[in-house]
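Some notes on the structure that comes next.
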Amino acid sequence: MSKLFALVDCNNFYASCERLFDPSLEEKPIVVLSNNDGCVIARSNEAKALGIKMGVPAFEIKSLVKTHGVKVFSSNYELYGDMSRRVVETLQQFSPDLEVYSIDESFLDLSNFYNTDIQEYAKEIKATVQQWTGIPVAIGVAPTKTLAKVANRLSKKSSKAKGVLVLTDPRHIEEALKRTKAGDVWGIGRRYAKKLAELGVHTAWDLRHVTDAFARKYLTVVGLRTVKELRGEPCIEMEMVPPAKQNICTSRSFAKTVGNLSAIEEALATHTIRCATKLRKQKSCAGALTVFLQTSRFNEQDKLYFNSRTIKLNAPTSSELELLHYAKLALKAIFREGYGYKKTGIILNDIVPENQVQLSLLNAGHHERDTRLMQTLDNLRERFGFATVGYGMQGEGNECALRKEFASPCYTTKVAEVMKVGWNYYSSSK
DNA sequence: TCTGGGGTCCTAGGACCC
DNA sequence: TCTGGGGTCCTAGGACCC
């Protein structure tokens with residue numbers, strides 16, 4: 001039986017979310033900025049029409065913002081996460097076989113609907129999401145995921161499609177691939193697009209017709225899969241259950257450069273706690289951690305520095321007390337006086353399911369006590385917000401604090417009662 | 001002055017083993 | 001003196017995604 005996939009993609013997702021709470025923003029240019037209000041990561045159609053490009057630094061669009069009254073927002077990931085969940089819940093009404101591909105995209109397996117009027121069905125999905133969540137979406141439907149991506153993209157560009165495009169007829173597929181640049185195909189990035197152009201492959205239609213050997217040689221087995229998918233042969237399966245992450249990372253840039261160790265320690269402690277929380281959420285333990293520290297990539301006069309340190313743990317753990325202890329050691333090992341640092345972060349590696357961790361007699365007692373404490377902390381943070389419970393080491397200084405000049409109002413106010421546990425809790429009690 | 005954050009997969013090459 | 005070949009594991013680097 002033939003396969004059929006839909007890709008549902010939220011239009012200008014973050015910008016659409018911000019617009020939801022303020023109807024006066026309808027048809028106004030909106031941009032959403034990255035952490036630290038650094039660069040543009042989402043734009044409404046009106047902002048795109050002004051020529052504001054994805055990823056440009058915020059300071060470069062200042063005059064455009066002023067002259068055209070562009071509404072600027074700092075990013076609010078809690079809001080976007082919440083809206084994303086509502087969109088997914090709505091989509092689940094239409095097919096139980098759903099893959100959440102990213103915060104604003106989901107694949108639906110519609111193979112069982114092959115003989116129904118798929119165009120009408122897709123239109124109904126689009127209208128329902130709009131009505132239930134207020135988020136506009138575009139839908140592409142095709143026999144493979146890669147072709148569904150192509151369809152989705154064209155559905156937004158064509159005024160006739162109005163956000164819904166079904167590609168099943170071979171003549172329509174040919175037309176679509178001829179109108180799509182090779183570099184706009186899912187899996188073909190900037191480097192490959194350049195290389196392909198040098199080899200005479202310019203459109204998705206060209207790419208569909210390269211030989212397997214050519215694809216394998218220049219694009220590896222991954223690219224070969226892409227080429228086959230363009231031919232209509234499904235190679236990329238639905239992933240209904242997201243696999244556990246093999247690496248978990250938390251990092252942030254500082255609003256200003258920072259030179260002293262204790263301020264960086266505070267920031268790293270917060271990153272470590274966030275990272276450990278993600279780790280426990282997927283019920284895993286980490287066998288190693290990597291801490292990195294770097295100066296700005298952009299400031300050419302200043303001395304550049306990047307360094308990282310990996311520490312293997314005696315046994316996999318999800319205790320943030322233990323992780324904090326080693327993160328601090330790793331940071332100390334790579335910190336050098338005399339630099340203006342811009343970013344630090346932690347990566348948890350060698351991740352295993354928590355129920356696979358062998359308890360040695362040595363760490364068993366510690367482990368049980370830590371596990372109970374971590375559960376308590378997770379519960380408190382879940383109920384009252386992440387800032388509820390911290391440690392002395394996180395400090396109150398905000399030398400490394402994020403800049404968020406354009407935050408939208410906080411509709412759900414959180415209780416912020418700070419309970420302090422000493423920085424030395426772990427090491428002194430060991 | 002001001003430039004994000006968080007992931008995955010593949011390949012080539014070196015170390016090491018028999 | 002003769003100096004092979006196959007396998008595994010690990011890591012760094014490069015490519016991609018949103």
**Report entry** Between P of B:dG4 and CZ of A:Arg43, the distance in whole Å
**Finding:**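 The distance from CZ of A:Arg43 to P of B:dG4 comes to 16 Å, rounded to the nearest Å.
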Query raised in the report: Atom CG of A:Asp9 and atom C1' of C:dC18: how far apart are they, to the nearest Å?
Result: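 After rounding, the reported distance stands at 10 Å.
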Query - Spatial distance of atom OH (A:Tyr341) from atom CG (A:Asn260) [nearest 0.5 Å] - result: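 Result: 11.0 Å between the selected atoms.
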[X] side-chain N/O to [N] phosphate OP1/OP2 under 4.0 Å:
X	N	result
A:Lys343	B:dG5	yes
A:Ser251	B:dG6	yes
A:Lys149	C:dC18	yes
A:Asn247	B:dT8	yes

Restricting both atoms to N or O, compile the protein contacts to nucleotides 1-3 of chain B shorter than 3.5 Å, with distance only.
residue : atom : partner  : partner atom : Å
B:dT3   : OP1  : A:Lys342 : NZ           : 3.1

Report task. Name all stems that contain residues of DNA chain B, defined as runs of 3 or more consecutive Watson-Crick or G-U wobble pairs, both distances under 3.5 Å. Result ->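 Looking at DNA chain B, the stems formed by three or more consecutive pairs are B:5-18 with C:5-18.
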Report, one pair per line, the protein and nucleotides 9-13 of chain B atoms (nitrogen or oxygen only) whose separation is under 3.5 Å.
residue : atom : partner  : partner atom : Å
B:dC9   : OP2  : A:Gln246 : NE2          : 3.3
B:dT11  : OP1  : A:Arg216 : NH1          : 3.4
B:dT11  : OP1  : A:Arg216 : NH2          : 3.4

Requested in this report: For the residue pair A:Tyr218 and A:Val201, establish whether any side-chain heavy-atom pair is separated by less than 4.5 Å.
Outcome: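 A:Tyr218 vs A:Val201: side chains apart.
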Query raised in the report: Nearest of C:dA15, B:dG4, C:dC17 to any side-chain atom of A:Tyr192?
Result: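 For A:Tyr192, the side-chain atoms sit closest to C:dA15.
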